[in-house]
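This report refers to the structure that appears directly beneath it.
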Amino acid sequence: MTIPVTTRRGALRGLALVALAPVVLPACASLPVLPARPDPADAEAAAGLVGLTAEGRVVLRTPRQDMGQGVLSALRCIVAAEMGEPPEAVEVRLPATEAMPPVRATVGSESLQLFAEPLARAAAALRVELGRRAAERLGVPPSQVLRTHHGFVGPGRDVVPLRDIAGGAPVVLSAAAVRTARPRGSPIPATAGPPPELTAVLRGTPSFAADGLPEGMLHGALFRAPRLGARLRRATPGAAPTTGSA
Amino acid sequence: MTTDAMTVNGRAATIPPGWEHETLLSYLRFQFGLAGVRFGCGVGRCGACTVLLDGRAARACTLPAVDALGRRVITVEGFAPAGGAPTAVLRAWEELAVPQCGYCQSGQMAQAAALLAERPRPGRDDAEAAMAGVLCRCGTQPRIRAALDRAAAILDRGGA
């Protein structure tokens with residue numbers, strides 16, 4: 001049998017912790033709490049992501065800021081695929097920073113992980129709701145209208161444009177509509193093609209801040225130290241224009 | 001081709017005085033204005049800077065520009081030549097809307113083109129091994145795999 005031996009150092013450490021606890025533990029309560037991640041099952045929140053403007057344009061209210069992560073493009077493609085619209089037909093509205101609830105981060109991959117599925121359900125709900133309204137205008141059951149470019153078409157080939165469905169008032173989704181439109185976990189349909197900004201990136205068109213080469217900008221180069229602790233002794237700024245690389 | 005010149009997307013190119021110690025990445029971006037060659041980690045680990053050098057994948061951020069003399073360099077700008085049809089890889093990447101932010105995708109496409117040049121019908125393991133060195137923080141790897149398969153199918157049907 002081993003008898004635990006308490007050293008003097010260990011005992012002092014324990015006493016110090018006990019003495020500090022009444023001060024440290026209450027102070028922890030004043031630390032800001034990390035905001036909870038959004039709940040993908042929150043139909044109320046999902047319903048606010050998409051709608052139809054009074055002018056009949058599909059609008060996506062992005063839940064996250066986009067600073068080049070591609071959140072905007074990726075979410076827009078999801079709405080476009082569900083709505084049967086080209087990506088450029090979906091109007092994107094970025095949130096005002098002061099109007100947003102605090103978020104942990106506005107990371108591209110996490111944003112898609114959290115919002116892709118609820119957004120797809122909301123977009124599907126919007127498609128169903130707009131189809132129902134189009135059918136009502138045509139006086140036919142909703143099952144007899146089909147999605148067409150910028151509207152719906154009935155059995156008699158009568159087209160109801162989205163503009164007429166809106167009729168001057170925005171279409172706002174309800175949480176109940178989102179809950180029933182599309183089962184959770186259904187596959188998100190593939191987009192018909194990338195929005196123009198992604199085509200530009202793929203073809204090498206300058207698209208990022210680092211790609212900006214304003215006229216007259218001098219070339220910058222990084223000089224790596226030849227050895228640890230090396231110091232720059234002198235530089236000859238006048239030599240730069242003579243390289244012909246400006 | 002002489003050893004004091006290279007071709008960049010089919011254009012003959014020499015290295016001007018003062019650029020001898022630059023990397024191929026700096027040379028392509030700042031001398032040629034080819035923004036499709038991206039700077040990522042700068043140490044050849046992330047693959048964003050990948051270009052084709054004589055048809056093989058090369059990391060432009062660590063390769064001295066002079067090492068490309070006498071060789072053929074192709075960047076993503078060369079995947080859609082003016083007046084020409086886009087290559088199978090670019091077509092597949094566009095059709096499947098692969099990118100999210102897109103920063104790494106020029107490297108992904110160059111790596112994919114090199115793989116397909118070597119193995120026109122790469123198996124899953126070949127594809128995984130070849131593409132593993134080009135990182136994508138957005139998580140588009142499933143679409144990259146699908147686009148690689150699509151590009152292989154286009155080539156199979158006689159595409160460029």
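The chains referred to below are lettered A, B, ... by the order of the sequence lines, with proteins before strands, and numbering in each begins at 1.
- Under the 4.5 Å side-chain criterion, counting only non-hydrogen atoms from C-beta, B:P120 is not in contact with B:L155.
- Both the backbone and the side chain of B:R29 come within contact range of chain A, each with at least one heavy atom under 4.5 Å from a heavy atom of that chain.
- Of the possible polar contacts, one joining the B:E20 side chain to the B:G18 backbone as a donor-acceptor pair under 3.5 Å is found.
- Of the N and O atoms on the side chains of B:T14 and B:D4, not one donor lies less than 3.5 Å from an acceptor on the other residue.
- Heavy atoms closer than 4.5 Å to chain B are found nowhere in A:L72, neither backbone nor side chain.
- In this structure, B:I15 and B:M6 have side chains that are in contact, with non-hydrogen atoms separated by less than 4.5 Å.
- Scanning residues 97-115 of chain B against chain A with a 4.5 Å heavy-atom cutoff picks out B:A97, B:P99, B:Q100, B:C101, B:G102, B:Y103, B:Q105, B:M109, ordered by number.
- Under 4.0 Å is where a charged nitrogen must lie from a carboxylate oxygen, and between A:R203 and B:E77 no such pair does.
- Legend: residues meeting ring pair (Phe, Tyr, Trp, His ring centres under 6.0 Å) with B:Y27, ordered by chain and number and at least two apart, are B:F32.
- When atom types are taken as modelled, the side chain of B:D149 and the backbone of B:A152 share no donor-acceptor pair closer than 3.5 angstrom.
- At a 4.5 Å heavy-atom cutoff, the contact between A:A210 and chain B is made by backbone and side-chain atoms alike.
- Looking only at side-chain heavy atoms (C-beta outward), A:L162 and A:F152 come within less than 4.5 Å of each other.
- Note: A:D211 leads A:V201, A:D211, A:T205 in heavy-atom pairs under 4.5 Å with chain B.
- Residue B:L90 touches chain A through its side chain alone, counting heavy-atom pairs closer than 4.5 Å.
- The candidate with the highest count of non-hydrogen atom pairs below 4.5 Å against chain B, out of A:A74, A:S73, A:G204, is A:G204.
- A side-chain donor from one of A:S109 and B:R137 sits under 3.5 Å from a side-chain acceptor of the other.
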